[in-house]
Amino acid sequence: MRAPGLRASLRLIAPNTSLANGIQIRFLHKTRPPHTIPQPRPFVPDVPTFLTLIGRGLNKHASKFPSWDALFSLTSPELKELGIEPPRNRRYLLQWMQRYRKGALGPGGDFEFVKDGEAILKVATPPASVVTDTKWVVNVPHGAGAEAETSSEPSTLPRPKGYTVRGSRSITGPYAQPLPEEAGAVVKVTEGMWEQRRGRKIDGGERRRAEVRFKRRSAERRAERESEMMAKM
């Protein structure tokens with residue numbers, strides 16, 4: 001049997017591996033488990049609040065997501081169909097959705113007592129069983145008075161990360177606004193509170209920076225030569 005005929009016979013017997021691999025790749029996305037839907041938190045109870053916190057003007061798209069589950073089940077192509085533009089905004093939103101799933105949140109993400117987008121922080125004295133002179137910052141329910149400082153069980157209240165006591169009664173931390181008469185502090189949901197700022201390009205991006213600076217030096221040297229020539233005339 002000639003070689004071409006032998007190869008044709010072998011193709012009939014052996015499976016088409018390239019076709020099989022293509023089918024496997026094509027249907028791989030259908031076998032992947034769906035995205036997990038995380039639970040809302042007291043400081044992040046709904047989609048508009050989440051989009052407001054992560055910033056970059058994404059809260060203007062809040063009406064495009066009918067529910068919390070709808071947002072966290074979307075993919076990049078589906079976000080594109082909804083009109084989330086430019087692409088960097090889609091990437092940014094997907095990154096924050098993944099961060100939220102992992103619990104990597106911004107300030108206030110660990111608050112437990114929140115009402116109308118506001119959390120109250122108070123100064124608390126640690127219980128006698130804790131050997132420390134450092135006072136605690138605790139998140140208290142709305143309506144709690146100054147007794148939080150002398151509470152016998154402050155360990156039962158959440159101690160949010162990033163907030164500390166300065167001096168005797170002042171609370172410092174991200175977006176903490178002092179209450180009158182040193183009665184604690186309030187933290188409110190704020191636009192861009194969790195926003196990851198974009199880097200500012202100087203003289204263009206990395207690929208164009210050398211070219212831009214070279215052209216600038218050339219223009220400066222040319223201007224110097226022209227000024228010298230004018231001075232000699």
Side-chain angles (χ1 to χ4, degrees), residues 21-111 114 116-119 160-163 172-177 186-219:
N21 290 337
I23 294 175
Q24 291 177 0
I25 295 172
R26 186 176 302 142
F27 290 98
L28 179 61
H29 69 281
K30 295 185 178 180
T31 61
R32 291 176 178 173
H35 291 298
T36 57
I37 307 298
Q39 292 297 319
R41 295 171 180 258
F43 201 61
V44 198
D46 49 36
V47 172
T49 304
F50 176 71
L51 297 180
T52 297
L53 287 170
I54 65 177
R56 298 197 182 179
L58 288 172
N59 56 354
K60 66 184 179 183
H61 300 293
S63 59
K64 298 177 181 179
F65 309 105
S67 66
W68 181 270
D69 290 3
L71 170 63
F72 279 89
S73 60
L74 293 175
T75 62
S76 182
E78 291 169 338
L79 290 174
K80 183 178 181 180
E81 291 179 2
L82 290 175
I84 309 300
E85 297 289 352
R88 64 173 177 266
N89 281 356
R90 292 197 297 272
R91 292 192 297 268
Y92 178 73
L93 177 56
L94 290 169
Q95 289 169 3
W96 256 113
M97 289 160 61
Q98 188 62 18
R99 285 174 59 90
Y100 190 94
R101 290 187 183 98
K102 295 180 178 180
L105 310 178
D110 52 356
F111 291 159
V114 183
D116 298 329
E118 297 184 0
K161 296 179 181 178
Y163 296 91
T172 61
Y175 296 88
Q177 299 295 324
V186 60
V187 180
K188 302 178 181 180
V189 171
T190 306
E191 166 71 23
M193 193 171 177
W194 294 0
E195 183 173 347
Q196 296 175 336
R197 306 293 179 182
R198 287 192 290 262
R200 184 169 63 91
K201 292 184 178 180
I202 301 176
D203 297 336
E206 294 181 0
R207 290 178 293 182
R208 295 190 64 247
R209 186 175 298 132
E211 178 184 356
V212 170
R213 293 180 178 178
F214 173 77
K215 290 181 178 179
R216 180 187 298 150
R217 289 193 297 268
S218 298

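Quick note: residue numbers are just sequence positions, from 1.
Aromatic ring centres of W68 and Y100: separated by under 6.0 Å. In this structure, F50 has its ring center at least 6.0 angstrom away from the ring center of F65.
In this structure, K64 contributes its side chain and L82 its backbone to a donor-acceptor pair below 3.5 Å. Of the possible polar contacts, none joining the Y175 side chain to the G108 backbone as a donor-acceptor pair under 3.5 Å is found. In terms of modelled atom types and a separation under 3.5 Å, the side chain of R99 and the main chain of L94 share no donor-acceptor contact. In this structure, T190 contributes its side chain and M193 its backbone to no donor-acceptor pair below 3.5 Å.
Of all heavy-atom pairs spanning P174 and G162, the tightest one is CD-O, 3.4 Å. Taking every heavy atom of both residues into account, Y163 and A176 meet most closely at CE2-CB, 4.0 Å. A pairwise comparison of heavy atoms in L71 and M97 identifies O-CE, 3.1 Å as the closest pair. Residue P40 comes nearest to P45 through the heavy atom pair CB-O, 3.7 Å, listed as atom of the first residue, atom of the second, then distance. Between V114 and A119, the shortest heavy-atom contact is CG2-CB, 4.2 Å. Heavy atoms only, all atoms of each residue included: F43 and V187 are closest at CE1-O, 4.2 Å.
Side-chain contact between D110 and P160 is present, with heavy atoms from C-beta onward closer than 4.5 Å. The shortest distance between side-chain heavy atoms of E195 and Y92 falls below 4.5 Å.
Put simply, the residue from I54, L53, T49 that forms a side chain to side chain contact (heavy atoms under 4.5 Å, CB included) with L51 is I54.
Judged as a salt bridge (charged side-chain N to carboxylate O under 4.0 Å, His left out), the pairs with a partner in residues 68-86 (not counting sequence neighbours) are, in order, E85-R90.
Between the CG atom of L79 and the CZ atom of R91 there is a distance of 12.5 Å, given to the nearest 0.5 Å. Between the CZ atom of R216 and the CD atom of E211 there is a distance of 12.0 Å, given to the nearest 0.5 Å. A distance of 13.0 Å separates NZ of K60 from OG1 of T52, quoted to the nearest 0.5 Å. Summarising the geometry, atom CH2 belonging to W96 is positioned 13.0 Å from atom CZ belonging to R101; distances are rounded to the nearest 0.5 Å.
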For the pair L58 and N89, evaluate side chain to side chain contact (heavy atoms under 4.5 Å, CB included) and give the outcome as yes or no after the intermediate values.
CA-CA 8 Å; L58 288 172; N89 281 356; 4.1 Å; yes

Going through the distances and angles, do I37 and S73 end up as a side chain to side chain contact (heavy atoms under 4.5 Å, CB included)?
CA-CA 7 Å; I37 307 298; S73 60; 4.0 Å; yes

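For the pair R41 and F111, the cation does not sit on the ring face, since its NZ or CZ is not both under 6.0 Å from the ring centre and inside 45° of the axis.
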